[in-house]
> 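Can you keep this structure in mind? I'll have questions shortly.
Labels below follow one simple rule: chain letters A, B, ... track the order of the sequence lines, proteins then strands, and each chain is numbered from 1.
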Amino acid sequence: MNYFLKRTIQLICTLITVSIITFCAFYVIPGDPARVILGPDASDEQMDNLREDLGLNRSFPVRYFRWVSGALTGDLGKSLTFRQPVSELLGQKLPVTLSLAAMALLITMLISFPLGILASGRPGKFLDQLLSVLGNIFFSFPPFVLALLMTLLLGLTLKLFVAGEYISFTESVPGFLASLFFPALAVAVPKIAISQKFLRASILAEKNKEYVRAAKSRGLSDTKAMVLHIIPNSLVPIITVFTIIASEILGGSLVVEMVFNIPGISRLLITAINVRDFPLTQGIVLYLAGMTVIVYFLADILHSLVDPRIRLK
Amino acid sequence: MLKYNKMNMGEDVRGEGEVSMQCLRIGRRLQVLRCACLVITLFLFTFSQLSCAPLFRTASRAPDDGSIYGGEVVVGITQEPTLFDPHTVVAAGDEEIIFNIFEGLVKCTPDGHFEPALAIDYSISEDAMTYTFLIRSGVRFHNGEVMTREDVVYSIRRAAGLDTGTPLRSELSDIQSVTLSGENEVSIVLNEPDAELLPFLNVAIIPRSVSDINDTPIGTGPFKFSSYRVSESVILVRNDDYWQEGIPYLNKVTFKITADMNTAFMQLRSGSIDIFPYLDPEKASQLTDDFQIISGESDMIHVFALNNAVAPFDNPKVREAMNYAVDRESLISLLMSGEGTMIFSGMSPAMGSYYNESLENAYRYDPGKAVELLEQAGFPDGFQATVTVPSNYAHHVNAATIIADQLRKVGVELTIVSVDWATWLEKVYTDRDYQSTVIALTSEFAPRDVLNRYVSDAHNNFIGFNSKEYDRIFSSIRSEPDEDERILAYRRLQEILVSENASVFFQDPRNIVAVRNGLIGYVVYPVYVQDLSVVHYEGAKE
């Protein structure tokens, strides 16, 4: 129980810190949401009306404390731009980002595990070298280049998918998942490159340990040793790598959401910042921070499941 | 050799018993894992198959019975809509959508005139103090209610702020009263004579029974609002009860919100967008035969704006030098592949008779003369200045780059400062804390609205133009009942902008629209709207 208490306190501290930093950022950067919403040609009267409407005529610290007191009771406020409750907007966009993240994570695991095992099979030999080179190449691809290349090659030339076609999950669930497949692949490719390398290193490290040699000398076959001992025991560092990857992916894949026109959290965040929508930005940032803390918490539990010697403290 | 992993804090060598126990446990775990993997693989395979199917390739469908009615189109937009309340909307990106939902007493036509819409006829009194409209009968709102004169009165009173004291549309601030008169007529009485109010009476007529028009946008237009999902789409459906016979044709119009011009273009090519306005000429040339490219005048003023209140541009000689140093022709050909009309003052040729064509070629590109003028102004060695541009508009950034290059030839070193839109609006537009900028100015399709921004105390006079003569002429136009006199006055105002070298006005860019083949009827308006009521699919049998 002590452990959960500690984690909860940690979560709250993180959220407070993050919200203060966001607040400071908004305080410093120029830009008036009323002007952005109404455009350059709005008259002063129209601006004043809107400011009154949105409660922008109060000083920024006052607005912040109002927001905090709302947030404490679970009310994240209303978006200035969309005039909808922030929680409603998050509810609309979260399923999209979460599905994309889950799919990307799945693809990463499904591809990187076999590749990592394959590469560690005969270290230094052709296959290992090939995978290492490919890994380096894909890892160093900036995400926007990869996303654009995929759209051009797979979408426009090979016509495997319609570039920019997004089907909402309210319309059709298989269609929704299908429209997320290639974006998820774009997110996954660089992650596969990293996790494959970690897996290889981790397996190799485990392979040379004495208990493995002991088991083998007692007549255990190579395959059995690999499947029963080496892989399970090399999972602990891999979970750490996947935790980092998961928290990155769950935070939304900015570039991929933009290029593939996926209306997820990242696009909402960009819009929110561009129009200086303070409540909406705060809401999204809180989600991102909270998500990261929760992912690390889950990773701890996973660690203790995989390696019972690790206790939750 | 023992290697310790950081995460593996326990010991690495285990006893025999422990190993076998471990084997059992892991064996069971692996089986579960294996099953899970299989399921997941199947799952993934199905999705990838699905996405390969051409099922999702047709975003739009033509009606299959060969008639020209029916079908749906997807229009690409790059701005997130923010408001649907037609009286508070100011953003051009919102206006292009709600043009299809709401209508006013008068409506703008593609050739830039204002025709009666929800009014059948109108008259303006001799003294330009009273406007009387004969209201069309039998018009229904999207919620089924019949539009009445009371709705007209309610809507105009609301927009003019007669009940609250603060007008929602500032152009209507001179309205004194709106009353029912005669048989099915509505009279609008003004505080001061104004012969040019008509273009602003396109203000949307909304039902007085609807309290939150932003949440439930109900109008009389050819399309009904159906749904809006943030950063996805705005969907409109056909209004079957539309008062105008024969239109609209389409059953459904989707305004698809894209992240930026590049993704929109990608989607245009892939087939998920059918119509895309304000296309970059360079991109338009990359489109294949699947599209028709339609273009028209846009009533937009692309300007290298100089802050008249700040050195060195507070010196008229320097501003004049800039006008000679910018090569408009090469600028337009580099920036727009020639798809723009050169301008020299603050009005577009799209304004017809109000436009002063005698000012064409008021400045002929002449770097020698520019250097001379700079010498006279006390800058024999040129000077350094900054140009602040909004980074989200690649167009303006590119224009600034070309201009900076041209100015280098006369010894002016222009540093480009690229800021985001919100910052630009505050720093440049509101605070006027800048030396120069590049921006495109849009306005209502009315000469008064175009030239209002150069009146010295206008809130949107961000270039800080200050001319007493200009102010005097501008304020006298309003009460001038004779249209010819007004036209002369507007032409004079444009001359003043040139003689005082207000800024470097360089082009009216053409609005280039890509329309998928098979769709016909699209018309380009000189204002920022998309009229989808006239767009239809080519009939199979004609």
> Please determine whether the number of non-hydrogen atoms from other residues, nucleotides or ligands lying under 6.0 Å from atom NZ of A:Lys207 exceeds 12.
yes
> If you look at every heavy atom in B:Thr423 and A:Pro30, which pair is closest and at what distance?
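Closest pair (atom of B:Thr423, atom of A:Pro30, distance): CG2-CG, 3.3 Å.
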> Under a 4.5 Å cutoff for heavy-atom pairs, which residue among B:Asn460, B:Val230, B:Leu425 has the most contacts with chain A?
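The candidate making the most pairs under 4.5 Å is B:Val230.
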> Taking side chain as everything from C-beta outward and backbone as N, CA, C, O, which of these in B:Phe462 sits under 4.5 Å from a heavy atom of chain A? Side chain, backbone, both or neither.
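Looking at B:Phe462, nothing touches chain A.
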> Do B:Arg229 and A:Gln92 make a side-chain contact, defined as non-hydrogen atoms from C-beta onward lying under 4.5 Å apart?
yes
> Using heavy-atom distances under 4.5 Å, tell me whether B:Thr442 contacts chain A through its side chain, its backbone, both, or neither.
both
> Nearest 0.5 Å, please: how far is OG in B:Ser270 from NZ in A:Lys159?
8.0 Å
> For B:Asn214, which atoms come within 4.5 Å of any heavy atom of chain A: side chain, backbone, both, or neither?
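B:Asn214 touches chain A through side-chain heavy atoms alone.
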> Heavy atoms, side chains only, cut-off 4.5 Å: are A:Asp32 and B:Thr430 in contact?
no
> Any idea which heavy atoms bring B:Thr258 and A:Asn261 closest together, and the distance?
CA-OD1, 3.5 Å
> With only heavy atoms counted, which part of B:Glu426 is less than 4.5 Å from chain A, the side chain, the backbone, both or neither?
side chain
> Distance from A:Ile270 atom CD1 to B:Ser231 atom OG, nearest 0.5 Å?
10.5 Å
> What is the minimum heavy-atom distance between A:Arg267 and B:Ile257, and which atoms define it?
NH2-O, 3.3 Å
> Just wondering, do A:Met258 and B:Thr263 contact through their side chains at under 4.5 Å, heavy atoms?
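Contact flag for B:Thr263/A:Met258 side chains = no.
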> Would you mind telling me which of B:Glu171, B:Arg453, B:Glu444 has the largest number of heavy-atom pairs within less than 4.5 Å of chain A?
B:Arg453
> Looking at B:Lys427, I'd like to know if its NZ atom is crowded, meaning that more than 12 non-hydrogen atoms belonging to other residues, nucleotides or ligands lie closer than 6.0 Å.
no
> Grab the two heavy atoms, one from B:Ala422 and one from A:Asn274, that are nearest each other, plus how far apart they are.
CB-O, 3.6 Å
> Which is it for A:Arg83 and B:Asp85 under the salt bridge (Lys or Arg N to Asp or Glu O under 4.0 Å) test, yes or no, and what are the steps along the way?
CA-CA 12 Å; A:Arg83 316 285 173 94; B:Asp85 175 346; over 6 Å; no
> What distance do A:Ile273 atom CD1 and B:Asp420 atom CG have between them, rounded to the nearest 0.5 Å?
10.0 Å
> Which atoms of B:Pro167 are under 4.5 Å from chain A, going by heavy atoms: the side chain, the backbone, both sets, or neither?
both
> With rounding to the nearest 0.5 angstrom, report the CZ to CH2 distance, A:Arg276 to B:Trp421.
12.0 Å
> Is A:Thr81 in contact with chain B via its backbone, its side chain, both, or neither, using a 4.5 Å heavy-atom distance?
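Backbone plus side chain of A:Thr81, per the 4.5 Å heavy-atom cut-off to chain B.
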> Can you tell whether the side chains of A:Lys93 and B:Glu232 come within less than 4.0 Å, N to carboxylate O?
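Answer for the salt bridge query: yes.
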> Give, for atom OH of A:Tyr166 and atom NZ of B:Lys256, the distance between the pair rounded to the nearest 0.5 Å.
10.5 Å
> So what's closer than 4.5 Å to chain B heavy atoms on A:Lys224: side chain, backbone, both or neither?
neither
> Kindly check if the number of other-residue, nucleotide or ligand heavy atoms within 6.0 Å of OH (A:Tyr296) is above 12?
yes
> Looking at CG of A:Leu148 and CE of B:Met266, how far apart are the two atoms once the value is rounded to the nearest 0.5 Å?
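Going from the CG atom of A:Leu148 to the CE atom of B:Met266 covers 5.0 Å.
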